[in-house]
Student: 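Structure below; questions to follow.
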Amino acid sequence: MRYLPHSDAERRAMLDACGLKSLDDLYAHLPAEALFPRNLDIPAGKSEYEISDYFKQQAAKNANGYASFLGAGVYAHYRPVLCDVVVSRGEFLTSYTPYQAEIAQGTLTTIFEFQTMVCQLTGMEVANASMYDGSTAVPEAAMMAARVTGRHKFLVAANLHPEYREVLDTAARNAQLHVEPFGYDPKTGSIDVAGLESKLDKDIACVILQSPNFFGIVENIKQASELAHKHGALLVVVFSEAVSLGLVEPPRDADIVVGELQSFAISPSYGGPFAGIIATKEKYMRQIPGRLVGETKDADGNRAFCLTLSTREQHIRREKATSNICTNQALIALMATVFMSVYGKQGLRELAEQNLAKAHYLAKGLELPFSGPFFNEFVVQPKGRTPEEANAALLEKKIIGGLPLGRFFPELKDSMLLCATEMSKRADIDAVKEVLL
Amino acid sequence: MRYLPHSDAERRAMLDACGLKSLDDLYAHLPAEALFPRNLDIPAGKSEYEISDYFKQQAAKNANGYASFLGAGVYAHYRPVLCDVVVSRGEFLTSYTPYQAEIAQGTLTTIFEFQTMVCQLTGMEVANASMYDGSTAVPEAAMMAARVTGRHKFLVAANLHPEYREVLDTAARNAQLHVEPFGYDPKTGSIDVAGLESKLDKDIACVILQSPNFFGIVENIKQASELAHKHGALLVVVFSEAVSLGLVEPPRDADIVVGELQSFAISPSYGGPFAGIIATKEKYMRQIPGRLVGETKDADGNRAFCLTLSTREQHIRREKATSNICTNQALIALMATVFMSVYGKQGLRELAEQNLAKAHYLAKGLELPFSGPFFNEFVVQPKGRTPEEANAALLEKKIIGGLPLGRFFPELKDSMLLCATEMSKRADIDAVKEVLL
Amino acid sequence: QNESLLFELSHPGKTGYQLPELDVPAVDAAEALGGENVRTEIENFPEVSEVEVIRHFTRLSTWNYGIDLGLFPLGSCTMKYNPRINEAVARIEGLAWAHPYQPESLSQGAMEIAAVLEQYLGEIFGMDAVTLQPAAGAHGEYTGIMLIRAYLESQGNPRRKVLVPDSAHGTNPATAIIAGYEVATLKSNEQGMIDPAVLEAAVDDSVAAMMITNPNTVGVFEENIVKIAAILHAKGAQVYMDGANLNALVGVARPGDFGIDVLHSNLHKTFSTPHGGGGPGAGAVGVKSHLEPFLPTPRLRQANGQWTWDYNCPQSIGRVRAYYGNFGVLVRALAYIMAHGGPGLRKATLDALLNANYLRAKLAPYFQIAYDAPSMHECVFEDTRQEAKGVRTGDIAKRLIDYGFHPYTVSFPMIVHGALMIEPTETESKQELDAFCESLIAISNEIDTDPEMVKHAPYMTRTSRVDEVTAARKPIVRWKP
Amino acid sequence: QNESLLFELSHPGKTGYQLPELDVPAVDAAEALGGENVRTEIENFPEVSEVEVIRHFTRLSTWNYGIDLGLFPLGSCTMKYNPRINEAVARIEGLAWAHPYQPESLSQGAMEIAAVLEQYLGEIFGMDAVTLQPAAGAHGEYTGIMLIRAYLESQGNPRRKVLVPDSAHGTNPATAIIAGYEVATLKSNEQGMIDPAVLEAAVDDSVAAMMITNPNTVGVFEENIVKIAAILHAKGAQVYMDGANLNALVGVARPGDFGIDVLHSNLHKTFSTPHGGGGPGAGAVGVKSHLEPFLPTPRLRQANGQWTWDYNCPQSIGRVRAYYGNFGVLVRALAYIMAHGGPGLRKATLDALLNANYLRAKLAPYFQIAYDAPSMHECVFEDTRQEAKGVRTGDIAKRLIDYGFHPYTVSFPMIVHGALMIEPTETESKQELDAFCESLIAISNEIDTDPEMVKHAPYMTRTSRVDEVTAARKPIVRWKP
């Protein structure tokens, strides 16, 4: 066994030191009825070569060599090689949660930078050291709003990512909290403002909406914020396409911003691992879930960083914690941090501009049911074909088309959600237009 | 430009500090007739994405997904991932020749380990810190033998790798030294001992032979050594398949051993970069070309390593150096060092045993013109087809066959050189046998 | 030689990126999005070149300690070697670039990987069904408790309370609360174990479940586990197991065989996916068949030789995460299991037990063992002897850094007086363990002769002792210009 | 906390490998090879596990300094940033696993890469043809001199002598000798340059070639280069250029335009392939058309849109290396050129010149500049002022390590009295250059106040000053049990 460093002679010597005769003595005290009487039904150990071969074979059964126009929360952006180079360094890859600050300044400093950049991007004042992903960050934000306001109902936009919504539903149901949806405007694809207004009352802990929303459309945050605040509710703004923040005005009027950083060098990886964020105003800092890194000094007076405000957390507060979160997504957050550093202020903007240009070039001339302003994805009705038929035609050209929306929105069963990024090549875009026109 | 860290404002400030007005002033003192009057005819800078795309496109035009039975100096062995992990660490990848020992102990220690393992493998007493490759190591060994013996003729076996031989011819011709070939036994494929003996005289600096030779056959080193030494010549033994050293008795009776470590985790990479070695007896240490690392102590008495015996080298000795070599293959040698560490004593043997087993399984029943004992490659005559026809038939099965030998040995134009390694799968071997039988 | 923050390295006009030339017409952002929706700039966002980026992060990495540098004996964290082949296979293009919504016909490889892992984990757990959707251990706990609630609800009453031993990880009570339960704490006996009599008295029909860690957080196998499960089951309560310490059991004992109804396993502990400074992990949950209908949607099924996602799960608790879980982590876990195989996994478990017991034997003369009961994969000491000299477990931990090791887990579990909780895992060599013991013994001697010195450690790190109190008192959680 | 050698970490019976199960019958080695041909064992070869391997090399790496950690101002070595995209593309499977003997029809991508690189380098050099076969700079020199011999031989007489300036790299005279020539050294003038009058006197029809480095090793452009070439050509001699300093010229001046017949370029310098602790490099050689027929065999040709290797080169000097050169290095060099493009390459050159001149301006008040002539991409100082206090260039270099920088090139070129040869390259930021200058200035102040301290540096490294004298006196070049 290449991962087990003992020779048999060493095992013998160690057993002697323990006063044991055999390895089996190590568990001899277990109750007999708890012991596993046979061997695990798992094939014998494989060599690296075989393992590599197995996964290559599985990969070959997935899509390979296709151009894709799928978005819907998972976006195909170029991943600068530096991101993998940095996270592959053993000092980052094989380290633990930085409880021992003196030998974890590398991780702690990068998280502090991450927190800062998330604030700069979102227009918020504090951000934590990452959540599991965008979907699980939504109930965390909702629960936080419930704690802050002491209220128990959440008003949720129907054009929030449907799977984020499902995750929120699960959490709310168990916590005996109430989720109330409000609709979208069938003309613009934006939230139905009147619908929202009509449902706001003093039980509402927060209004939750996404921008760009699931249809790719940029929402009017100021307006939603004024409405929510008028009724003493918080505004939670969700994003799933972080690249939009390079160009789109951030939700400065929100109270809590949650989102997904997958777009920042995190490979689609069939849905995870990704990295979620939660950011808020300073006044709510002590209600934020999960890890936070703070600046301090060491005994010599030099700047140093450490985990802080851990009295919010489960390992100190136990049943009184703000959340049960323990593991975060440090390595993935580091990947996103490197991505943000590589692109920087100017690059993130140019990247967003290219996404905007590609999507608008793709959209031009197609049948768009919604008129709201969109960033890099949008809803389209293929002409004369169902979305499924259009996708089938595209697959023949080695193109994966858009997401048919009927699955989540029965009223949009003739439509699909299409996305273009800086990686979409003009020739492929033209091929898609040809099929959808 | 992502690799150029100056902003334009900084360039301005730096020019000011230099007392210059513009960047063009930096080369204003060059004679006008030396200046390049136009722009380089090279397309504008490309993004990472485009570069990655370009090379993937080129790679797609090469062989992909083929099983291969080519050897002939470049072998397909599994590359443990640790090898790439270690050489990808910036501290190794981006460091320089370790002239400044105090901040290069990492490189120096690994080279010292490399030198030691090369000695252990080859049965020699000293080894240098690597040569460019196996082929260029041959003339270095020959020149070394000429220096040691004061003689000017090299007797070279005809079954040495033909391209190694060509490299030796080029070097010898320019150095006004003489290369004299001697043949192989057409029955066994081993060197023609009588032919060698008949050509030995007092002008011979060294006898050069390969084992396993180009036909894959293990030579009788003891016999060759006795013959050479009887005439005051040195014996130089060459190897191109390092894996053989896990199982085959090393050339302990040689005076100089040179060879190629490509088999040790170095990717075929269309022929390079590889790593050559040169190893010899302690008495010839001061005649060895290239870098050598030695053990010493630091000012505190701790063990430390540094480059040593540099009075052999060009940067000190200039025209009196043992060689003009300056760059070696440190990073590739490190890759091989990691490979040797991963496999270790037991693993290298088992690896060699698997190679032996695969090749002998492949050979069984085929028409072998030579009877000498072979390791993992051998010469075969396809039945009823030319080697080219057999290869064409194999290509249709997505198999790259053997190297047709007519190109190098007109008398073997009906034969090909076939190789099997631990990566050759039984099903592919069976498919090859079917075509060649 | 401190490293500046990115924001301090930043200078206006520097860039580290290059995009391909745009091959479609540029779009006026204000026109496309509305002027009010376009931001002017990202204020104070860094501007650096590529070489400055790689240097910054490379330099920062050298301030970190990782398993690749040495022993990482954090108790309860199972910091074992992270094989690099697992990193390589997770990056294979057809896996890393698979979109969760790409057609199932073009996702069969990914689905097969998930299916095989579900099967292997079920075999290891002794459970009937497994979900891979939870993103982390605590997320798996949360899923498990919600499964119990859904099951009990389907039986007519979700009940009110969850029992948690006082030795439990903090995530256990926190999880029960967010899943809508009250928490009742159960006191451990003098062996650090659950006392069946105490339990018997505490269980009534308001108890939905008990959350058990086994081996428990003092590294001891709950010897009455079968009885404990019977007591709970008799009262209609479910038994939840926190699988954080599963590394002690793989191939030796199966939770499903000793009475557990549902457990989570941290794939980043037992199955060696890298901790990465705090994540990502994955929290597979295994259940007995009566809980299976409640597992998160969608479920992976096979029909006509094709894998498919089944969204028709009417009793499901719903989703706990978008898509299908941390797939990239699952790939690594499966690669780990394949590398060991069935016999190898058991072998690894035995070495993990051996290493812990070897440490215990060597250190017992110097440090007070917390409980007499036999240790499994970790051993827990208390700092009573050292406290006599005024030195606490936290001080010893910092001093250990000077000897080149990462500290053990400090002051947990809370039921131990000044705990030193040490889990070596099976991937440590005898040589590394010996060096570690010698260091702790040397510190024990230092405490006898110079306790003050130990109390101000570390000395050999680039950062001296970090002031965590000030950090919490006046939190600065972002850089400002 | 020194790291043991692998052999010291080794313990019998440990393994770090696993092979697939053999799917063909095992073979008895003694039977297959003859008992006398089978070795008993590899004596003392290491036996360690995988985790011990990665730890060993990771720990060792932390004793190294690399560009990824900071400025590496070695003069003449052009230690610029090594872009990681180049590493990624060189590892693409279809390139990394290409066998040199696989059919040409299945090698077109590799051949196209080589062809494009030949073309781009020809454009940069101003040369008519390029060979990529040489494995390193010195190997390129060797190839170049052999080309000259072959050409002159074809003209009737290979001649006897090669002229080398006293400022040249040691490889130049060493190369001339192994290529069968005598070496005649040419003295530089008081500007560190070649004096046309001295040259004129030295050239006769026994001179085959002159080897020129331009900019020369004191970082100065040979202002009379056109005249020098004319003098040599007039006597039937060839002009060889050592391209080690080509980083000063790309896009600004082309050797082929100022009279050079043949040059080599170190792709690991100018074109940024990693130095890797000493290699691998690649030494492309460019020639004017009269030398083309003599280039190493095989030559890359295009016919009917397909690339092919042409072995029919009757005048060729033959092979200088097996196969086609260090292809993996060529891939990296091409990726580098593509990333910059024509305009970017020129921009990089100007920044390289700017950085060197900026350093010169800032350091000139403290260190004696060796020659007044304008600097190109590097600047050379002498240690005369510091020598007055008994401190030499080597001491300053070691002290510089304490400030976190790699030293400059020490004591070369030999014509300078105690040289400090500094080449920053274009990939250093102003901030890094400023920090470097401040360090050197601080050392200059230390020399004034405490020269003894400086003479025993470094102090901050894990290894104090290494005793090279003992190493050479009693060489221990391998570990023994």
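Within every chain, numbering begins at 1; the chains are lettered A, B, ... in the order of the sequence lines, protein sequences first and strands thereafter. In this text, all values refer to a predicted model and were calculated from it rather than measured experimentally.
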Student: Need one label for Leu395(A): side chain, backbone, both or neither, based on atoms under 4.5 Å from any heavy atom in chain C.
Tutor: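 Side chain of Leu395(A) only, per the 4.5 Å heavy-atom cut-off to chain C.
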Student: So for Leu33(C), is it side chain, backbone, both, or neither that comes closer than 4.5 Å to the heavy atoms of chain A?
Tutor: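 Contact with chain A involves both backbone and side-chain atoms of Leu33(C).
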Student: Which answer fits Asn357(C), side chain, backbone, both or neither, if we ask what part of it has an atom under 4.5 Å from a heavy atom of chain A?
Tutor: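 Both parts, heavy atoms under 4.5 Å.
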Student: Between Ser88(A) and chain C, with a heavy-atom cut-off of 4.5 Å, which part of the residue counts as in contact: side chain, backbone, both or neither?
Tutor: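 For Ser88(A), heavy atoms of backbone and side chain both lie under 4.5 Å from chain C.
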Student: Where on Ala348(C) is there a heavy atom nearer than 4.5 Å to chain A: the side chain, the backbone, both, or neither?
Tutor: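 Contact with chain A is through both the backbone and side chain of Ala348(C).
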Student: Quick check on Val329(C) against chain A: is it the side chain, the backbone, both or neither that has a heavy atom closer than 4.5 Å?
Tutor: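 Both parts, backbone and side chain.
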Student: Which atoms of Ala34(A) are under 4.5 Å from chain C, going by heavy atoms: the side chain, the backbone, both sets, or neither?
Tutor: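 Looking at Ala34(A), backbone and side chain both touch chain C.
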Student: Counting heavy-atom pairs under 4.5 Å to chain C, which of Lys56(A), Met143(A), Met285(A), Arg303(A) comes out on top?
Tutor: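 Among the listed options, the one with the most contacts to chain C is Arg303(A).
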Student: Tell me, for Ala76(A) versus chain C, whether the close heavy atoms (under 4.5 Å) come from the side chain, the backbone, both or neither.
Tutor: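 Contact with chain C involves both backbone and side-chain atoms of Ala76(A).
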Student: Nearest 0.5 Å please: distance from the CD atom of Glu113(A) over to the CZ atom of Phe305(A).
Tutor: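 Spacing of CD (Glu113(A)) from CZ (Phe305(A)) equals 7.5 Å.
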Student: So for Lys297(A), is it side chain, backbone, both, or neither that comes closer than 4.5 Å to the heavy atoms of chain C?
Tutor: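 The answer is the backbone of Lys297(A).
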Student: Only counting residues at least two apart or in another chain, list the ones meeting ring-ring contact (aromatic ring centres under 6.0 Å, His included) with Phe92(A).
Tutor: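 Listed in chain order: nothing, the list is empty.
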Student: Who are the side-chain hydrogen bond (donor to acceptor under 3.5 Å, both in side chains) partners of Tyr270(A), not counting sequence neighbours?
Tutor: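 Scan of Tyr270(A) (side-chain hydrogen bond (donor to acceptor under 3.5 Å, both in side chains), adjacent residues dropped) gives Trp309(C).
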Student: Please classify the contact between Val248(A) and chain C as side chain, backbone, both or neither, with a heavy-atom cut-off of under 4.5 Å.
Tutor: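 Its backbone and side chain both get close to chain C.
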